[in-house]
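Here the structure is a predicted model, which is why all the values come from computation and not from measurement. Residue numbering restarts at 1 for every chain, and letters A, B, ... go by the order of the sequence lines.
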Number of protein chains: 2
Amino acid sequence: MQKGTYTYDYPRPMVATDCVIFGFDGTKMQVLLVKRGEEPYKDSWVLPGGFLRMEESAEESARMMLREKTGLRETYIEQFHTFSAPERDVRGRVISIAYYALVRKQEVRQGANVSEVGWFPLDGLPELVFDHKDILDMALAKLRERIMFQPVGFDLLPEKFTMRALQSLYEAILGVEFDRRNFSKKILHVGLLTDLNESARSTPKRMAKLYKFNAESYGRLKEKGFRLEF
Amino acid sequence: MQKGTYTYDYPRPMVATDCVIFGFDGTKMQVLLVKRGEEPYKDSWVLPGGFLRMEESAEESARMMLREKTGLRETYIEQFHTFSAPERDVRGRVISIAYYALVRKQEVRQGANVSEVGWFPLDGLPELVFDHKDILDMALAKLRERIMFQPVGFDLLPEKFTMRALQSLYEAILGVEFDRRNFSKKILHVGLLTDLNESARSTPKRMAKLYKFNAESYGRLKEKGFRLEF
DNA sequence: TCAAAAGTGTTCTCCCTACACCCATGG
DNA sequence: CCATGGGTGTAGGGAGAACACTTTTGA
């Protein structure tokens, strides 16, 4: 593209997409951030994002960006809000369409042309510039809203996992604790999981049963909703 | 503003806001539409909307527009999605930040510079141009999602209303039917309503008790969520 | 006096809740 | 053999679901 060649009758804002990429390490929720390579705010951590190109939709833009940073295709992403305060970006009027993504951390490999990316736990975030802290906070709020009534985990956990891992995920997102026995009973009762009749050692102690999600009932519960009380 | 004076280094899309305004007439959910006054699609019905100005946020833009069409301030509005498919608008690349609003129909008065607006029931919509049918459908889906876990009605019903009116509202949004006795029991049990110890005739038959929302518990249930089973 | 809508209570069942003991494993 | 975490069952209470008769009122 050439510079200085786009002229319009009325002023137009820039439009960008930003993406809050959540991962789970077995204990805590983490977020992927990138270090800015240029001014303004060079070397500060920000959410991965970029300007929208004229021939792509916002979702395509977000997916593209996600692939660059994580090497992943086919990720679960969800648009959750568009940020449009006039002064939110020092570079001028920039509107940002924000997505959150849920990824399996262990499948992430660093993309090609990526300078510096890092995973940060929610309680150990670096300072974020622009309004990215607000964006992240809203992403988390939306994720919490979602997890209360829809199953979550399919996109964050490996294919096979223990009941404890699923419980830890719920606890990490919601910041509450469940009774082990009741959690397991509820999850098994709604038929969300398939027992694989295998075991694995996730802690250095006794082996634990492995489960996988039952795609059919996962989808059904996502439609219909179910509530995990607490 | 002057024409033809805005030049940028890179191409930029236009950004608009569109608003799905829901009202309730006691029986059915209705949507406010406006008739286009200019080409393209002159005289077709569309969702009220307009281009974003450089000095206002999307929410300010949506509220402004809402006031023009309905005369209402302080309306409940909620951003639910941003539509960005490259070909969604024949006029060029237009991105639309969409809101839905819940209003009390009886408080709506026609705004000043409004050509033609109309309320349409969901099952009697005219043909909508652009992708406005998709926008409306998603608004309804989001509203349904919300009503299942949060109280709704404060913004749609008059201050005083009968239990039947609230039930009809729920039934209209969700498209299901509830048992009168169980619905009433559940609603009263969660403490959503205050009994006004007044009666009124909403049908030509026996008078019915009037209630109003209990703001305190309405707010609490909105935070915490509650589920109306069906 | 009849038709239409409002008001109200009980029973049954199921699920959520709280809670404690035994088993497998590695150190 | 001990510490850690995994696996499982039960008893009680509360809430949802199903269900029918009486009252008020206008026509």
Return the set of residues passing ring pair (Phe, Tyr, Trp, His ring centres under 6.0 Å) with B/Y218 (not counting sequence neighbours), or none when no residue passes. B/F154, B/F213
Distance in angstrom units between B/H189 NE2 and D/dA17 P, rounded: 13 Å
Would you kindly give the CZ-to-P distance between B/F178 and D/dA18, to the nearest whole Å? 12 Å
Could you state the OH-P distance from A/Y211 to D/dG7, rounded to the nearest angstrom? 6 Å
Taking only residues two or more places apart in sequence, or in another chain, which ones meet A/F83 in a ring pair (Phe, Tyr, Trp, His ring centres under 6.0 Å)? A/H81
Heavy-atom closest contact (B/V190 atom, B/R220 atom, distance): O-NH2, 4.0 Å
Partners of B/Y41 by ring pair (Phe, Tyr, Trp, His ring centres under 6.0 Å), sequence neighbours excluded? B/F130
Given atom CG of B/L188 and atom C1' of D/dA15, what is their separation to the nearest angstrom? 15 Å
Test of understanding: with ring pair (Phe, Tyr, Trp, His ring centres under 6.0 Å), list the residues that count as partners of B/Y76, not counting sequence neighbours. none
d(CD, A/E198; P, D/dG6) in whole Å: 18 Å
More than 12 heavy atoms of other residues, nucleotides or ligands under 6.0 Å from NZ of A/K186: is that the case? yes
What residue among B/K35, B/R36, B/E116 forms side chain to side chain contact (heavy atoms under 4.5 Å, CB included) with B/D43? B/K35
In B/S/- notation (B base, S sugar-phosphate only, - none; protein heavy atoms under 4.0 Å), nucleotides 19-27 of chain C written 5' to 3' is BB--BBBB-
Rounded interatomic separation in angstrom, taking CZ from A/F183 and C1' from D/dG6: 15 Å
Would you call the rings of B/F178 and B/Y170 parallel, tilted or perpendicular if under 30° counts as parallel and over 60° as perpendicular? perpendicular
With a 4.0 Å cut-off on N to O distance, would you call A/K105 and A/D25 a salt bridge? no
Spacing of B/F161 atom CZ relative to C/dA6 atom P, expressed in whole Å: 15 Å
If I take atom CD1 in residue B/I187 and atom P in nucleotide C/dG7, what distance separates them, rounded to the nearest angstrom? 15 Å
What does the inter-axis angle of the helix from C/dT1-D/dA27 to C/dG27-D/dC1 come out as, five pairs per end, nearest 10 degrees? 10°
